[in-house]
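Notes follow once the structure below has been shown.
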Amino acid sequence: MKKSTVITFLFTGALLFGSVSVSQAQKQNVKEAERIAKSKNAKFDDARGLIKSALENVETKDAAETWYVAGFVEESNFTQENLKALDGQPQDRAMMNNALLDMFGYYQEAYTRDQQPNAKGKIRPRYTKNILKAYEENLLYFINAGGYFMEVQKYDKALEAFSDFKAIKAIPDFAGKPIALVDSNSMMVDFFQVVAAYQANKKEEAIRFAESIKSVPYRQNDLYQILSQTYIETADTVGYVRTMEEGMQLFPDEPYFSVNLTNTYIQQGKIEDAIALLEKTIAKSPNNPQLYDVMGKLYEASDENKAIEYFKKALEIDPTFKESIYNLGRVYYNIGARIKSGEKVDAASDAKALEYFKLALPLMEKAYQNDPEEAWYILGNVYYNLKMGDKYEQIQKQHGTN
């Protein structure tokens, strides 16, 4: 054998032995990480460091065992932290709930790999039983995790927790078992999954989730309001109107749907539709001043006398209703101003205009108390037309220009 051939052989052999050594080291890392996670006072960061190395190594990253141990580390960390509550010890809620979510991610990957056939084409899962047991034991904690992340406004994480809860219940191995049944917890999670998606600004997901559960009798009123709001924020007017109409049919006594749908009709120029809808709504909720106020504004352009009637009706129900105080005072002022500046100006018309300015005065003064910035201009003009010079000068000095 030539010398060069011997050298090449020895060099190649060294590489092979080195490769085996690295592979064995990574497998040992997996075993050591599991051992640490099982210990009473586990140093979980050490275990995570070991398993991270194994997950990045080409020899161990595809093994179901590696992913299972990664999940087991997180499950053990979650469990030990969770048990602190029994001893009255403070918990690191952020770490604990993040560990729970990480556990699910790792276990799902391990579960998938554990179902793969071996070299002989046989499926012989080694870790599936433990994974399913962990899911059953910890299922409700995913609700707690979602609640925690909602509380700290980490809505993406909350959405992840609620989605994990639903994914666990949908695992085929659980089919026909109590864990897979739809119960009050399921309905609650479905609802808050929508809320979390909306808050996380994942509007399309929120719509998809909400549409899939809107027939479920759990907080339907709230769900329809969230869904309609999401549609309008995504500029889907068709979806918005459809949802509002459905909501109004389901909850005829809820003014949210009728009032907002009326406003939509107004924006679309469908005044007759708006009036017809509002008449039905008033018939169902005759003691809601807001409905009469909206109706007054609808009639204002075409029939001021009817508008006045509706604003007065709102104030009969609630004398402190701010919108109608301002709106009625504004209409009185507008009528007076129009009379005074009309084609026929004489003593009679001046007297008639003066009557309307006097009617507007107490209303606009109340409106000014409620919202000075909104009411000062009209109130100032009322003072001017009633020759209340001192008050006119005062309000102009405070808000306007002389």
Side-chain angles (χ1 to χ4, degrees), residues 71-72 74-86 91-112 128-200 202-203 205-227 229-230 247 250-251:
F72 180 73
E74 301 301 335
E75 180 189 0
S76 300
N77 195 181
F78 169 80
T79 301
Q80 286 194 19
E81 196 67 25
N82 192 35
L83 290 174
K84 287 182 179 180
L86 297 178
Q91 295 174 310
D92 186 337
R93 295 175 68 200
M95 181 273 292
M96 179 176 74
N97 288 304
N98 276 301
L100 184 69
L101 301 193
D102 289 342
M103 176 201 83
F104 175 80
Y106 287 132
Y107 273 169
Q108 282 296 89
E109 189 66 31
Y111 176 87
T112 299
T128 295
K129 183 177 179 179
N130 288 344
I131 291 170
L132 296 178
K133 181 182 178 183
Y135 284 165
E136 287 191 88
E137 291 177 349
N138 293 295
L139 178 65
L140 296 183
Y141 290 119
F142 284 90
I143 301 178
N144 293 348
Y148 165 75
F149 287 120
M150 291 289 286
E151 178 186 329
V152 299
Q153 299 182 3
K154 292 188 175 182
Y155 301 114
D156 282 307
K157 284 285 189 180
L159 178 58
E160 182 181 347
F162 296 135
S163 298
D164 289 352
F165 175 92
K166 294 180 67 173
I168 289 172
K169 291 179 71 69
I171 289 175
D173 298 78
F174 290 140
K177 297 182 180 179
I179 188 175
L181 297 177
V182 175
D183 55 16
S184 58
N185 287 323
S186 302
M187 292 188 287
M188 178 177 65
V189 168
D190 284 343
F191 174 78
F192 280 104
Q193 185 184 39
V194 175
V195 176
Y198 174 82
Q199 295 286 11
K202 296 182 176 180
K203 303 296 174 63
E205 286 188 47
I207 289 172
R208 178 163 52 84
F209 294 148
E211 285 287 355
S212 70
I213 64 166
K214 65 182 183 181
S215 62
V216 177
Y218 181 88
R219 297 186 66 170
Q220 271 183 298
N221 191 328
D222 293 331
L223 182 73
Y224 265 90
Q225 292 188 37
I226 295 169
L227 179 56
Q229 180 64 26
T230 310
L250 287 169
F251 308 102

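All residue numbers refer to positions in the sequence shown, counting from 1.
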Hits for side-chain hydrogen bond (donor to acceptor under 3.5 Å, both in side chains) against K166, two or more places apart or cross-chain, chain-then-number order -> D190, Q193
S186 versus D183, side-chain donor and acceptor atoms under 3.5 Å: yes
Looking at side-chain heavy atoms only, is the closest gap between I171 and I179 below 4.5 Å? no
How close do Y107 and A134 get, heavy atom to heavy atom, and via which atoms? CE1-CB, 3.7 Å
Would one find more than 12 heavy atoms of other residues, nucleotides or ligands at under 6.0 Å from atom NZ of K154? no
Derivation and outcome, side chain to side chain contact (heavy atoms under 4.5 Å, CB included), residues F165 and M188: CA-CA 11 Å; F165 175 92; M188 178 177 65; over 6 Å; no
Rounded to the nearest 0.5 angstrom, the CG-CD distance for N97 and E151 is 10.0 Å
Nearest heavy-atom approach of V194 to F209 is CG2-CB, 3.6 Å
CD-CD1 distance between Q199 and I226, expressed to the nearest 0.5 angstrom: 8.5 Å
Are the side chains of F192 and R219 in contact, using a 4.5 Å heavy-atom criterion? yes
Should D222 and F191 count as side-chain neighbours, where that means a heavy-atom distance under 4.5 Å? yes
Rounded at 0.5 Å granularity, tell me how far CG in L139 sits from CG in N185. 8.0 Å
All heavy atoms of I131 vs all of Y111, minimum pair found to be CD1-N, 3.8 Å
Any idea which heavy atoms bring G71 and M103 closest together, and the distance? O-CG, 3.6 Å
Scanning both residues in full, the closest heavy-atom pair of M187 with V182 reads CG-CG1, 4.4 Å
Residue among L159, L101, N138 satisfying side-chain contact (heavy atoms from CB on, under 4.5 Å) with D164: L101
Crowded around F174 CZ? As in, over 12 foreign heavy atoms under 6.0 Å? yes
Has the side chain of E81 got a donor or acceptor atom that lies under 3.5 Å from a matching backbone atom of D92? yes
Would you compute the distance between atom OH of Y198 and atom CD of Q229 and round it to the nearest 0.5 angstrom? 4.5 Å
Q220 side chain to K214 main-chain N or O, any donor-acceptor pair under 3.5 Å? yes
Compare all side-chain heavy atoms of T230 with those of E205 and state whether any distance is below 4.5 angstrom. no
Search all heavy atoms of A94 against all heavy atoms of Y148 and return the closest pair with its distance. CB-OH, 3.2 Å
Salt bridge check, E136 against K133: does any charged N sit closer than 4.0 Å to a carboxylate O? no
Mutual orientation of the aromatic rings belonging to Y135 and F104 [parallel < 30°, tilted 30-60°, perpendicular > 60°]: tilted
How long is the gap from CE on M95 to CG on N77, to the nearest 0.5 Å? 4.5 Å
